Amino acid sequence: QVQLVESGGGLVQAGESLRLSCAASGSSFSFNTMGWYRQAPGKQRELVATITNSDGTNYADSVKGRFTISRDNAKKTVYLQMNSLKPEDMAVYYCYARIRNIGTLTYRDYWGQGTQVTVSA
């Protein structure tokens with residue numbers, strides 16, 4: 001029932017910035033942890049950043065100091081601000097959310113379809 005839709009990916013030069021957004025559709029739910037993962041061609045999907053419902057954050061070592069994750073609960077949206085992009089950041093970025101159904105008090109994990117980030121040297 002819940003869907004996650006990413007946007008904001010694109011083609012940039014090394015050193016430039018992008019801001020990814022992930023909006024959730026649906027009703028009668030609340031978010032627990034949300035985050036971003038990425039997968040480069042031929043590589044495993046890896047964690048980029050997470051944010052809890054109390055705004056605690058966690059980042060992969062490779063993006064610390066360059067990326068910032070944030071959330072807007074009213075808009076049901078999580079963001080990833082990516083600065084000083086490097087060619088090694090090139091990947092498909094996936095939104096993740098652990099969601100609680102308010103009526104049933106059950107939890108389920110959701111994934112977006114992914115958005116492509118391309119960084120040229």
Side-chain angles (χ1 to χ4, degrees):
Q1 183 177 0
V2 176
Q3 293 187 2
L4 304 178
V5 180
E6 304 100 333
S7 62
L11 172 63
V12 298
Q13 295 279 328
E16 295 182 341
S17 299
L18 283 173
R19 188 194 192 200
L20 305 183
S21 299
C22 174
S25 63
S27 61
S28 300
F29 66 87
S30 62
F31 288 103
N32 198 310
T33 297
M34 303 182 70
W36 292 91
Y37 291 70
R38 67 186 182 187
Q39 187 168 19
K43 302 294 184 180
Q44 296 273 2
R45 185 175 298 188
E46 65 176 349
L47 173 70
V48 177
T50 59
I51 184 168
T52 68
N53 58 357
S54 59
D55 291 333
T57 58
N58 185 53
Y59 297 92
D61 288 341
S62 60
V63 307
K64 287 181 179 177
R66 299 188 298 121
F67 291 9
T68 302
I69 188 171
S70 61
R71 64 192 295 165
D72 186 331
N73 290 334
K75 295 182 178 180
K76 300 179 181 178
T77 301
V78 61
Y79 305 94
L80 184 67
Q81 178 67 43
M82 305 185 294
N83 297 328
S84 302
L85 282 162
K86 304 175 180 180
E88 51 262 43
D89 296 318
M90 184 184 305
V92 176
Y93 284 70
Y94 296 91
C95 178
Y96 159 83
R98 173 163 289 182
I99 292 174
R100 179 173 71 96
N101 183 292
I102 295 177
T104 63
L105 301 181
T106 59
Y107 295 84
R108 181 175 288 274
D109 295 338
Y110 292 88
W111 292 90
Q113 294 297 309
T115 184
Q116 177 71 49
V117 172
T118 302
V119 185
S120 62

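From a predicted model like this one, the values you see are computed outputs, not experimental measurements. Numbering of residues begins at 1 and proceeds along the displayed sequence.
Note that the CG atom of Leu85 and the CE atom of Met90 stand 10.0 Å from one another [nearest 0.5 Å]. The CZ atom of Arg45 sits 11.5 Å away from the CG atom of Leu47 when rounded to the nearest 0.5 Å. Here the CG atom belonging to Asp72 is positioned 6.5 Å from the OG1 atom belonging to Thr77, to the nearest 0.5 angstrom. Atom OG1 of residue Thr33 and atom CD1 of residue Ile51 lie 9.5 Å apart, to the nearest 0.5 angstrom. Note that CG of Asn101 and OH of Tyr107 are 10.5 Å apart. Values are rounded to the nearest 0.5 Å. How far CD1 of Ile69 is from OH of Tyr59: 6.5 Å, rounded to the nearest 0.5 Å.
Ring planes of Trp111 and Tyr96: tilted class, angle from 30 to 60°.
Cluster annotation: Tyr79 is not connected to Val92 through the hydrophobic network of ILVMFWY side chains, with a link wherever side-chain heavy atoms come within less than 4.5 Å. Note on Tyr94 and Val48: separate hydrophobic clusters, where clusters join Ile, Leu, Val, Met, Phe, Trp and Tyr whose side-chain heavy atoms are under 4.5 Å apart, directly or indirectly. Linking Ile, Leu, Val, Met, Phe, Trp and Tyr whenever their side-chain heavy atoms come within less than 4.5 Å puts Val117 and Phe67 in one cluster. Both Leu4 and Leu80 sit in one connected hydrophobic cluster of ILVMFWY residues. Membership requires side-chain heavy atoms under 4.5 Å apart, directly or through other members. At a threshold of 4.5 Å between side-chain heavy atoms, the hydrophobic network of Ile, Leu, Val, Met, Phe, Trp and Tyr places Val78 and Val63 in one connected group.
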With a 3.5 Å cut-off and sequence neighbours excluded, list the donor-acceptor pairs that the side chains of residues 15-23 form with protein atoms.
| unit_1 | atom_1 | unit_2 | atom_2 | d |
| --- | --- | --- | --- | --- |
| Glu16 | OE1 | Gln13 | N | 3.0 |
| Ser17 | OG | Asn83 | OD1 | 2.9 |

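A salt bridge links Asp61 with Lys64: the distance from a Lys NZ or Arg NE/NH1/NH2 to an Asp or Glu carboxylate oxygen falls below 4.0 Å.
For Met34 against Arg71, the heavy-atom pair with the smallest separation is SD-NH2, 3.6 Å. For the residue pair Ala121 and Ala14, the shortest heavy atom distance occurs at CA-CB, 4.4 Å. Between Arg38 and Ser62, the shortest heavy-atom contact is NH2-OG, 3.4 Å. When all heavy atoms of Asp89 and Ser84 are compared, the closest pair comes out as OD2-O, 4.4 Å.
Judged by distance alone, with hydrogens and angles left aside, the side-chain atoms of Lys76 form no donor-acceptor pair with the main-chain N or O of Phe29 at under 3.5 Å. Listed for the Glu6 side chain is a donor-acceptor partner under 3.5 Å among the backbone atoms of Cys95.
No side-chain heavy atom of Gln113 sits under 4.5 Å from any side-chain heavy atom of Val5.
Within 6.0 Å of CD on Glu46 lie more than 12 heavy atoms contributed by other residues, nucleotides or ligands. Atom CZ of Arg108 is surrounded by 12 or fewer heavy atoms from other residues, nucleotides or ligands within 6.0 Å. Arg98 CZ: 12 or fewer foreign heavy atoms inside a 6.0 Å radius. Other residues, nucleotides and ligands contribute only 12 or fewer heavy atoms inside 6.0 Å of the CD atom of Gln44.
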